[in-house]
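Please read the structure below before turning to the comments.
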Amino acid sequence: MICILSLFITQAFSWVNHNLTRSPLTAIDLAVDDLALQIRTFTGQDKRVSTRDFVIIDIDDYSISQLGRVQLWPRMYDAQVIRNISAGTPKVMLIDALYTEADTLPGAYVQLLTDRGFGQAADIVSAMSTDHILAEAIQQAGNVILGMFDKSADFTDDEREYALRAEQLLPRISGNRRSAFGYYQRSVPVLPSLAFAENARAMGLLKVNPDPDGTVRSYTLLQQSPFLTSESTSDHIRLIPSFILPAALNFLGLNDEDVRTSNTGIYLGPDIRIPVNPRAEFSINWLGSGEDFRYISFYNVWSGQVPKEFFNDKIVFIGSSAAGLEDLKNTPVNQVMPGVEVHATALYNLLNESWLRRIDDTGLMWLLAGFVLFSTALFLFLPQWQALIAVFLLIVLQFFGYVLMIVPELKILLPLSTVVTLTISSFTLSLVYRNATEGREKRQLKLAFSSYVSPQIVDELIETGRDPQLGGSENEISAFFSDIEAFSRISEKLSAPQLVELMNEYLDAMTSIITEERGTLDKYIGDAIVAFFGAPLKVDDHALRSCIAACRMMQAESDLRLKWQETKQGWPPEILKLRTRIGINSGMAVTGNMGSSKRFNYTMMGDTVNLAARCESAAKQYGISALVSESTRDAAIKAGEDCVFRRLDRVTVVGRSTAVELYELAGLRAKVTKQQLSCIEAYEKGFEAYLQQSWETAVSCFEQALELEKSPELNPSALMLRRCAQLQKEPPGSDWDGVFNLKSK
């Protein structure tokens, strides 16, 4: 869908661009094309001919200074130059000049001579014409091609003589009427004088059609004309050739009949197809800065200073570079180029088949389709900031690739603005699509995690874009288990609605604390809560946060009991004795979505999890609310001193053979009383004596601690006193390491 929309937007821009009178995109395309042609040095076009095979005889300012005004030159000057050139047997001569009028002095000279007493003044002036000399020179050369032009006027009966002469003298080139429909149409032919036209090898139109900005970028090969009616049928139409086309046919050994037109181009013989636009124009491949045609002054040839051998097998143009003669053209590579060189460059392209190829609509569409697939995939794959860099780099690459490779090496022209527009539209639509889909994915992710992960973690998952490693990954976490002591007895005393109300209030308060401390809710198992800290996003202080959460939960439970005392009057008194046990263990565990393909849960697995569950159940035996492993205690202390721990015991639990140190989580340091601290100090001294089998010292310390315990009935000190009494009766031996085996869960 993105690709289709990008192509549609690009085509819409192109359509608007082509229908604007002054299109900014077209101006940009032409400027880029011009730049690509300007920076070249060598074009390597010499397939059949090289630039050394071309010679331009230049009517330059020096020639004018030596021979006078061009308009006053007798035709014998041109004849002399043609003879000197033809003596060297050139391939062909093309004269970029118009010989439409006779070489006679103005009537003013006749009147002047008459006024001064000369008889037969008109005959004298007429006798001074040298047209016959030029006609003879053209006839003797046998390979001269002359130029012609047309009037921009409607064809009238008065021009019938032009039509008859043109039908007889112009090359007999015809083309398919349908394919020539868009060709330029010329109205009234203006041919050279009859003496010159009859003796020339061929004639062709000198008209060069610049682009709207006045720059010549293409060359017209064939044009229509309404006065060429002979040999035209319903399917074919007779056409006027350009100035250079007869020269190309002569060089290639082809005839007028070898020129064919079609919708795909203009064909010269069986092998050469010239790609032209609907106006029969091909794009000129201008010479590079290191290439040029040889210019020789007209005067030097006229005066015989150039050896005739120099012209052997040359293609010779005669034209003018003098500014006063107004035959200068604006081209992509030179703002002031003689018109004769434009013709020479076009013929050079034609003979070497080295014209520039402008990509057609079908080729452009395939190019755009392939590029939009690539760019869209790239923009969707990369992160947004990288995609922004990529679109900038792509546009830069397109520009430099076009001006440095595609135009100079491949000789292909294409609308670069269209490709850039496609790139920008593809990026924009990809960005819109990603924002839309990622927004939906973020909402789905938030919905999936918000029920059991803190809002801060959900927001961090969404904002960072980090993968939560769904499906199972090993992470360092703190596994958390809590359970209500004697919950079965409490539930027996409550009706179903009361039980639901009680548990909803209890679980809401406890879960809120877990999520506020960046914990992840795993599941509820009746009254039990299973959670973990440190996943799906890594939390460096997960152990400390799990302990803080446990302390806050114990305080919240106390607050709930006070609240229920006021709000649950008439309820069973057992709810006022509700007490939660908590077990925490830290270590490596697998977290992720686990279960069947149809139903799964984001949970944790591993030995770390099992030990946390054992800690929760073991808390009952010690008569405490929160029991943590040594790994949790060490990690929590490393992260901060917010919590107070009591070294409780060294045991093996059910299902494990490895001994583990157990610690009571006494509470938050800011809220622990001096009595608790004194109790912990006495207990830990007793436990050290216990490990050293100093039973009397141990008993003495545990007794001191017992007096300070919060619970007078079931507490760690009472438990250790009973154990010491048993061990005194049955000493464990010298190799005893103080490990006690907890046989029940």
Side-chain angles (χ1 to χ4, degrees), residues 92-102 131-132 134-136 138-139 141-209 219-250 252-262 266-269 274 276 279-281 343:
V92 65
M93 274 188 286
L94 298 94
I95 302 179
D96 182 11
L98 297 172
Y99 297 127
T100 56
E101 299 174 353
D131 282 353
H132 63 286
L134 177 58
E136 290 175 0
I138 293 173
Q139 180 185 33
N143 59 358
V144 175
I145 295 175
L146 299 178
M148 58 173 284
F149 73 102
D150 70 310
K151 295 180 181 179
S152 298
D154 294 332
F155 187 71
T156 64
D157 291 338
D158 296 336
E159 281 95 20
R160 288 296 173 189
E161 60 177 298
Y162 290 117
L164 293 174
R165 184 187 303 175
E167 288 185 344
Q168 296 171 358
L169 298 177
L170 285 176
R172 298 185 178 277
I173 297 175
S174 62
N176 180 278
R177 186 179 290 272
R178 180 175 299 177
S179 62
F181 177 78
Y183 290 6
Y184 287 108
Q185 182 168 305
R186 298 306 178 190
S187 300
V188 181
V190 180
L191 303 179
S193 296
L194 186 60
F196 308 139
E198 289 178 339
N199 290 294
R201 177 66 178 266
M203 291 176 290
L205 281 167
L206 288 169
K207 176 70 174 178
V208 174
N209 299 297
Y219 195 88
T220 308
L221 283 178
L222 293 170
Q223 302 178 56
Q224 295 186 66
S225 186
F227 60 77
L228 293 176
T229 58
S230 66
E231 304 176 17
S232 295
T233 66
S234 59
D235 295 327
H236 287 77
I237 184 174
R238 192 166 169 192
L239 301 169
I240 307 175
S242 67
F243 182 46
I244 66 168
L245 186 55
L249 295 175
N250 179 71
L252 297 170
L254 301 175
N255 300 315
D256 295 344
E257 295 77 11
D258 294 318
V259 179
R260 295 178 294 111
T261 65
S262 74
I266 295 174
Y267 292 82
L268 304 184
I274 307 167
V276 295
R279 297 183 298 275
E281 298 171 326
H343 296 294

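Computed from heavy atoms alone, side chains included, the values below leave out hydrogens, waters and symmetry copies. Keep in mind that this is a model prediction, so the values were computed, not measured.
- For the residue pair Ala280 and Ile266, the shortest heavy atom distance occurs at CB-CD1, 4.1 Å.
- Val259 places none of its side-chain heavy atoms less than 4.5 Å from the side chain of Leu239.
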Under the side-chain contact (heavy atoms from CB on, under 4.5 Å) rule, what do His343 and Leu94 come out as? Steps first, then yes or no, please.
CA-CA 9 Å; His343 296 294; Leu94 298 94; over 6 Å; no

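- Residues Arg201 and Val92 form no side-chain contact, since every pair of their non-hydrogen atoms from C-beta on lies 4.5 Å or further apart.
- In this structure a side-chain-to-backbone donor-acceptor pair under 3.5 Å is missing from Asn255 to Glu257.
- Looking at heavy atoms from C-beta onward, Phe149 lies in side-chain contact with Thr100 at the 4.5 angstrom threshold.
- Using a 4.5 Å heavy-atom threshold, the side chains of Met93 and Asn143 count as touching.
- Scanning both residues, Met203 and Pro192, for their nearest heavy atoms gives SD-CD, 3.3 Å.
- Taking CG of Leu146 as the start and CG of Asp96 as the end, the distance is 11.0 Å to the nearest 0.5 Å.
- Pairs engaging residues 171-207 under the ring pair (Phe, Tyr, Trp, His ring centres under 6.0 Å) rule: Tyr99-Phe196 [sequence neighbours left out].
- Between Leu169 and Glu198 there is a side-chain heavy-atom pair separated by less than 4.5 Å.
- With rounding to the nearest 0.5 Å, the separation of CD in Glu167 from CZ in Arg172 is 8.0 Å.
- Of all non-hydrogen atoms in Phe243 and Ile95, the two that sit nearest each other are CZ-O, 3.4 Å.
- Ser225 OG to Gln223 CD: the interatomic distance, rounded to the nearest 0.5 Å, is 9.0 Å.
- Side-chain contact between Asn209 and Glu281 is present, with at least one heavy-atom pair separated by less than 4.5 Å.
- Two residues are said to be in side-chain contact when any heavy atoms from C-beta on lie closer than 4.5 Å; Leu245 and Leu268 meet this criterion.
- At least one side-chain heavy atom of Leu205 sits less than 4.5 Å from a side-chain heavy atom of Met148.
- What you find for Pro241 and Ile173 is that their closest heavy atoms are CB-CD1, 3.8 Å.
- Considering OG of Ser179 and CD1 of Ile237, their distance stands at 10.0 Å, rounded to 0.5 Å.
- The two residues Asn199 and Ile138 make their nearest non-hydrogen contact at O-CG2, 3.4 Å.
- Note that CD of Gln224 is 8.0 Å distant from CZ of Arg177, once rounded to the nearest 0.5 Å.
- Rounding to the nearest 0.5 Å places CD1 of Ile240 at 12.0 Å from OG1 of Thr220.
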